[in-house]
Q: 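Below: one structure in structure tokens.
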Amino acid sequence: MKDNVFKKEDLVDMLHEKTGFYKMHMREVADALEEIILECFQAATFEHDSELQLAPGVVLVGKRKAASEAVDPRTRETIISPEKVIPGAIFKQSIRQKLYKKSNYYQKKNKKG
């Protein structure tokens, strides 16, 4: 069992603890956030990716991929892979710096002249 997997109910609990708002309202916020993310991904076109800046330094990206030919590895048949949206995330340098600062990932070396 994985101890560090956060599910929707865990998110609701954390939002409740941080804000003091009712859990019922935080559940509605989590549901609305899920809908917004899906709408953002579905807005992706072949020419332009869609981006949702979820928080400072956290960007969710949707890339639309056209239908293409592929080979079924079991039967070696050529099949058509349907058009799809590939979701992804980008974490900016500001998030990485905060993460590494807390864990002391990078240690600065003292240079003596």
Side-chain angles (χ1 to χ4, degrees):
M1 184 170 122
K2 296 180 183 179
D3 293 332
N4 58 349
V5 175
F6 297 101
K7 298 192 177 194
K8 185 175 172 181
E9 199 57 39
D10 299 323
L11 175 64
V12 168
D13 291 340
M14 288 186 277
L15 286 169
H16 166 69
E17 289 174 15
K18 295 252 183 211
T19 63
F21 295 145
Y22 293 114
K23 283 188 180 184
M24 175 184 70
H25 298 305
M26 295 299 96
R27 196 169 290 109
E28 291 173 7
V29 168
D31 290 338
L33 181 60
E34 180 181 8
E35 289 175 21
I36 291 168
I37 290 169
L38 289 173
E39 288 172 10
C40 174
F41 287 157
Q42 291 168 347
T45 63
F46 295 116
E47 295 83 23
H48 301 287
D49 298 340
S50 63
E51 289 188 3
L52 174 64
Q53 292 185 351
L54 189 60
V58 179
V59 181
L60 300 180
V61 179
K63 297 180 180 202
R64 189 165 296 275
K65 185 178 177 203
S68 61
E69 286 188 3
V71 175
D72 185 344
R74 293 172 287 179
T75 62
R76 300 284 185 212
E77 282 183 58
T78 300
I79 58 174
I80 301 296
S81 173
E83 176 183 311
K84 55 187 155 191
V85 175
I86 313 270
I90 300 170
F91 297 94
K92 303 287 183 177
Q93 190 66 25
S94 60
I95 289 291
R96 290 187 218 141
Q97 286 174 345
K98 289 177 186 175
L99 179 65
Y100 297 149
K101 186 176 184 180
K102 286 184 180 177
S103 68
N104 293 325
Y105 186 74
Y106 290 114
Q107 298 289 327
K108 288 188 177 182
K109 294 181 180 179
N110 284 335
K111 293 184 178 180
K112 294 184 179 180

Q: Should Phe21 and Leu11 be regarded as members of a common hydrophobic cluster, given that ILVMFWY residues are connected when their side-chain heavy atoms come within less than 4.5 Å of each other, either directly or indirectly?
A: yes
Q: Let me confirm one number: the CG-CG distance from Leu52 to Leu38, rounded to the nearest 0.5 Å.
A: 11.0 Å
Q: If hydrophobic clusters are built by linking Ile, Leu, Val, Met, Phe, Trp and Tyr wherever their side-chain heavy atoms come under 4.5 Å apart, do Val61 and Phe41 end up in the same one?
A: no
Q: At their closest point, which heavy atom of Met26 faces which heavy atom of Thr19, and how far apart are they?
A: SD-OG1, 3.8 Å
Q: Following the transitive rule for hydrophobic clusters with a side-chain heavy-atom cut-off under 4.5 Å over Ile, Leu, Val, Met, Phe, Trp and Tyr, establish whether Val58 and Leu99 coincide in one cluster.
A: no
Q: Treating Ile, Leu, Val, Met, Phe, Trp and Tyr as nodes and any side-chain heavy-atom pair under 4.5 angstrom as an edge, say whether Leu33 and Leu60 lie in one connected cluster.
A: yes
Q: For residues 67-75, which side-chain N or O atoms pair as donor and acceptor with protein atoms under 3.5 Å away, sequence neighbours left out?
A:
from: Asp72; atom 1: OD1; to: Arg74; atom 2: N; distance (Å): 3.1
from: Asp72; atom 1: OD2; to: Thr75; atom 2: OG1; distance (Å): 3.4
from: Thr75; atom 1: OG1; to: Glu77; atom 2: N; distance (Å): 3.4

Q: Shortest non-hydrogen contact from Arg64 to Gln42?
A: NH2-O, 2.9 Å
Q: Where is the tightest heavy-atom contact between Val85 and Gly62, given as atom of each residue plus distance?
A: CG1-CA, 4.2 Å
Q: Using salt bridge (Lys or Arg N to Asp or Glu O under 4.0 Å), reason through Glu9 and Arg27 one step at a time and then give a plain yes or no.
A: CA-CA 8 Å; Glu9 199 57 39; Arg27 196 169 290 109; 2.9 Å; yes
Q: Ignoring hydrogens and geometry, is there a side-chain-to-backbone donor-acceptor pair from His16 to Tyr22 under 3.5 Å?
A: no
Q: Should Ile90 and Leu54 be counted in the same cluster of Ile, Leu, Val, Met, Phe, Trp and Tyr side chains packed under 4.5 Å apart?
A: no
Q: How many angstroms lie between atom NZ of Lys63 and atom CD of Glu51, to the nearest 0.5 angstrom?
A: 9.0 Å
Q: Do you know which two heavy atoms are closest between Phe46 and Lys65, and how far apart they sit?
A: CE2-C, 3.6 Å
Q: Tell me whether Lys92 at atom NZ has more than 12 heavy atoms from other residues, nucleotides or ligands lying less than 6.0 Å away.
A: no
Q: For Phe91 and Ile95, which heavy atoms make the closest approach, and how far apart are they?
A: CD2-CG2, 4.3 Å
Q: Do you know the tightest heavy-atom contact between Ser50 and Ala43?
A: CB-C, 4.2 Å
